[in-house]
Structure formats: structure tokens, C-alpha cells
Amino acid sequence: MESKTLYILAPCYNEEEVLPLTSKIFLDKLNSLIDAGKISENSRVAFVDDGSKDKTWEIIESLHELDPKFVGVKLSRNRGHQNALLGGMSTIVDDCDMIVTIDADAQDDVNAIDKMVDDFNSGSDIVYGVRDSRETDTFFKRTTAQGFYKFMSMMGVETIYNHADFRLMSSRAVKALLEFKEVNLFLRGMVPLVGFKSSTVTYDRAPRLAGESKYPLKKMLTFAFDGITSFSVKPIRFITALGAVTFLLSIIFALYALISYFVSKTVPGWTSTVLSIWFFGSLQLMAIGIVGEYIGKIYLESKQRPRFFIEKYLK
Ligand code: UDP
Ligand code: MG
């Protein structure tokens, strides 16, 4: 069987510190797979520059000059990790048979790619990289990330547990993914919706090789919130249910108030009045907020703005 073409795709945002190290790791992996005859000579390592403000693009250009096995895609500005991934995939999809997406900091174990390619060759269209342990993550990152997966599934968003954006996709799976026209991207929720045959490969996640995380807590929370509100209407249902329950409670309360009025004639009403103002006030604010969140999503989606622009493609 003729070997297939693999592109290893890494999004980069201000990664000048880590790229010189990890580009070599990716290239070595690519070359070893080519030498083993598992993938074709046309395989490449592709970097997407997500509007970096440092020397990232210059580094990608010089890598490309050094070795044509490196290719680069430059977005016109910073559009965030998820858009960078999709922008990169859409640019290279016609040049290859499969794409492995991986973070530029090589925290995910490149050796898992061997098994991913094997799975692809035995018929999988999507191979999810799944983290075995999180020992190398800080306690904070580990607990927040695991809480995130649990909360997502509670909210009815189907994701693969402990899988981030390290995965192999066949070109037809990528093309299917590109058919999703939504602007609020949450790839790890969208990819399972594509279907086709899939499998998982487990690996250990290492610490970042250099530089700092480009996902501070604020970005992480926004990402989680976007993931939930883009994929689940459970929060709205929850509020409807909450409304129903409080309605029942208020009927009981009204009965109680009426009865005590007739029985004892005087009702010292201050506490209950103040409490209910606060309670229902906050409940209503929360409800309006969540509904507003979805209206905001509809607003963004209805504009159908383009998700990214490719400024350059070095191939
Ligand atoms: N990234 C990106 N655009 C952004 C933020 C991050 O392309 O706006 C890339 C970043 O360069 C890296 C990947 O997304 O390749 C994951 O980021 P990072 O490793 O900082 O996240 P963490 O591993 O800390 O969750
Ligand atoms: Mg990282």
C-alpha cells in the first residue's frame, strides 16, 4: 500500500521561546515516520502563526528556508487557538491525507503519533489523543481542567474525557468539520459530531518546554463558558426548572401568609418581604443573564463573520 501524507499542525501564539526547540522534535518525528515508511515523503510540519507579536513568524520563515519540510500559515491577526487550528486545517487539507494537530509547546507526546498513524491506516478517520495522567501539570491546572471535563458532561456537552486538541483527523473528517459554519468554535465538542470511525491513543503529558502558558485563567474560563453555551441549552432549562420550583414555593408561602393572617391577624412581614426581594431579584438577574448569553451567541452567529483570514501560506 502506498504510504499516505501526514501534516503535523501546530498553532503558535508568541512562541518564539519554544519553537526553536519543538520544531526539531516535530521534524525528527516526521522524518522517523517517513524512514519507517509509515507516511509519504510529501509529509510536512506546518505552523500556524496566530497573529503573534514576537518573532514567531520570522522563526517559521527561517525554518521553512532551512528545510522545505517546514511550512507556515500566517493568520492576518490573533484569532485564538481554536480559530488558528481551523484556519491551518483549511489551508493544508488539500495537500495531505491526514492532519495531526498538536500544541506548539510539545506538551503532548509526539511518540503517540506513531500509534495514531497506525490507527489511521487500519481505518480510523479520527484518533483522539487522551492524557493518561496529569502528574506534570500543576495542582491548580489539574483540578481546574478535570473539573472542567466533569462540568461539561454534567451540562450535557459530549467530549472525550481528558482529550484536548491533540488528535489525528483524515482529510475527509477535516472537510466535514469545515462544514460547521459556527463562529463560536469549540473543536473538542464539534469533532465527535463529525462521526466516522474513531479511536483513542493514550499518552503522558509533559510540562511546557519553554515560555509561559498562553491560556491564563481568564481565557480558560471564557473557553469553558463558550463551550457550554455553544453546545448545551441545559443552563436555560435549569432556569426554567428553577422558576417552576420557586413558583410552587411561592404558592405555599402565599397559603401560609393567608392562613397566618386569618389565624393570628397580625403578620410581622419585614423579614419575609426583604428576603423575597433579594431572592427573586437575584434569581431574575441570573435568569436574564443566561438568556442574554444565548442571545449574544445568536447575535454573533447571525452576523456570519469570517472566522479567520490567511495572510500567507509558505509551502
Ligand atoms: N495559542 C494560539 N492562539 C492563542 C493562544 C494560544 O494559537 O490565542 C496556541 C499556543 O501557541 C499553543 C496552544 O495554543 O500552541 C496551546 O496553548 P498553551 O500551551 O499556552 O496552553 P496550555 O497548554 O497552557 O493549556
Ligand atoms: Mg501548553
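Counting starts at 1 for both ligands and their atoms, following the listed order.
The nearest heavy-atom contact from the protein to atom 19 (O) of ligand 1 is Asp105 OD2, 2.7 Å. What sits closest to atom 1 (N) of ligand 1 on the protein, heavy atoms only, is Tyr13 CB, 3.7 Å. Given atom 24 (O) of ligand 1, the protein heavy atom at minimum distance is Ser213 OG, 2.5 Å. Protein heavy atom at the shortest distance from atom 9 (C) of ligand 1 is Pro11 O, 3.9 Å. For atom 25 (O) of ligand 1, the closest non-hydrogen atom on the protein side is Lys141 NZ, 2.9 Å. Residue, atom and distance of the protein heavy atom nearest to atom 18 (P) of ligand 1 are Arg208 NH2, 3.4 Å. The protein non-hydrogen atom at the shortest distance from atom 14 (O) of ligand 1 is His81 CD2, 3.2 Å. For atom 6 (C) of ligand 1, the closest non-hydrogen atom on the protein side is Lys214 CB, 3.6 Å.
Panel note: side chain Ser40, backbone Asn42; a donor-acceptor pair is recorded below 3.5 Å. Without hydrogens or angle criteria, Ser171 side chain to Val93 main chain gives no donor-acceptor distance under 3.5 Å.
Both the backbone and the side chain of Asp103 come within contact range of ligand 1, each with a heavy atom under 4.0 Å. No part of Asn14 comes within 4.0 Å of ligand 1, judged by heavy-atom distances.
Using 4.0 Å as the threshold, Arg205 has a heavy atom nearer than that to some atom of ligand 1. Within the structure, ligand 1 has Gly80 among the residues with a heavy atom less than 4.0 angstrom away. The shortest separation from a heavy atom of Lys219 to ligand 1 is under 4.0 Å, placing the residue in contact.
For the pair Glu311 and Lys74, the salt-bridge criterion is met [side-chain N within less than 4.0 Å of a carboxylate O]. With respect to the salt-bridge test (charged N to carboxylate O, under 4.0 angstrom), the residues Asp204 and Arg131 do not qualify. Ion pair Asp165/Arg188 flagged as a salt bridge, since at least one NZ, NE, NH1 or NH2 atom sits closer than 4.0 Å to an Asp/Glu carboxylate oxygen.
Of all atoms in ligand 1, listed by their number and element, those nearer than 4.0 Å to a heavy atom of Cys12 are 7 (O), 11 (O). Those atoms of ligand 1 with a heavy atom of Glu15 less than 4.0 angstrom away are 10 (C), 11 (O), 12 (C), 15 (O). Using a 4.0 Å cut-off to heavy atoms of Gln107, the atoms of ligand 1 that qualify are 19 (O), 23 (O). Numbered from 1 in the order shown, with element, the atoms of ligand 1 that lie under 4.0 Å from a heavy atom of Ala104 read 15 (O).
The set of protein atoms (N, O or S) found at less than 2.8 Å from the Mg ion (ligand 2) reads Asp105 OD2, Gln107 OE1, by chain and number.
Using a 4.5 Å cut-off on side-chain heavy atoms (C-beta onward), Arg44 and Phe70 make no contact.
Judged by distance alone, the side chains of Asn14 and Glu212 never bring a donor and an acceptor atom under 3.5 Å apart. Side-chain contact check for Asp108 and Tyr203: at least one donor-acceptor pair (N or O, by modelled atom type) lies under 3.5 Å.
In the hydrophobic clustering of this structure, Phe223 groups with Phe151; members are Ile, Leu, Val, Met, Phe, Trp, Tyr whose side-chain heavy atoms approach within less than 4.5 Å, directly or through other members. Under a hydrophobic clustering in which Ile, Leu, Val, Met, Phe, Trp and Tyr are joined whenever their side-chain heavy atoms come within less than 4.5 Å, directly or via other members, Tyr13 and Val45 fall into different clusters. Residues Ile34 and Ile25 fall within the same hydrophobic cluster, defined by Ile, Leu, Val, Met, Phe, Trp and Tyr side chains chained together at heavy-atom separations under 4.5 Å.
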Q: Go through the steps to decide whether Phe47 and Leu63 satisfy the test side chain to side chain contact (heavy atoms under 4.5 Å, CB included), and finish with yes or no.
A: CA-CA 10 Å; Phe47 293 112; Leu63 284 170; 3.9 Å; yes

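Under the 30°/60° scheme for interplanar angles, the aromatic rings of Tyr149 and Tyr161 are found to stand perpendicular.
Atom CE of Met169 sits about 9.0 Å away from atom CZ of Phe196, to the nearest 0.5 Å.
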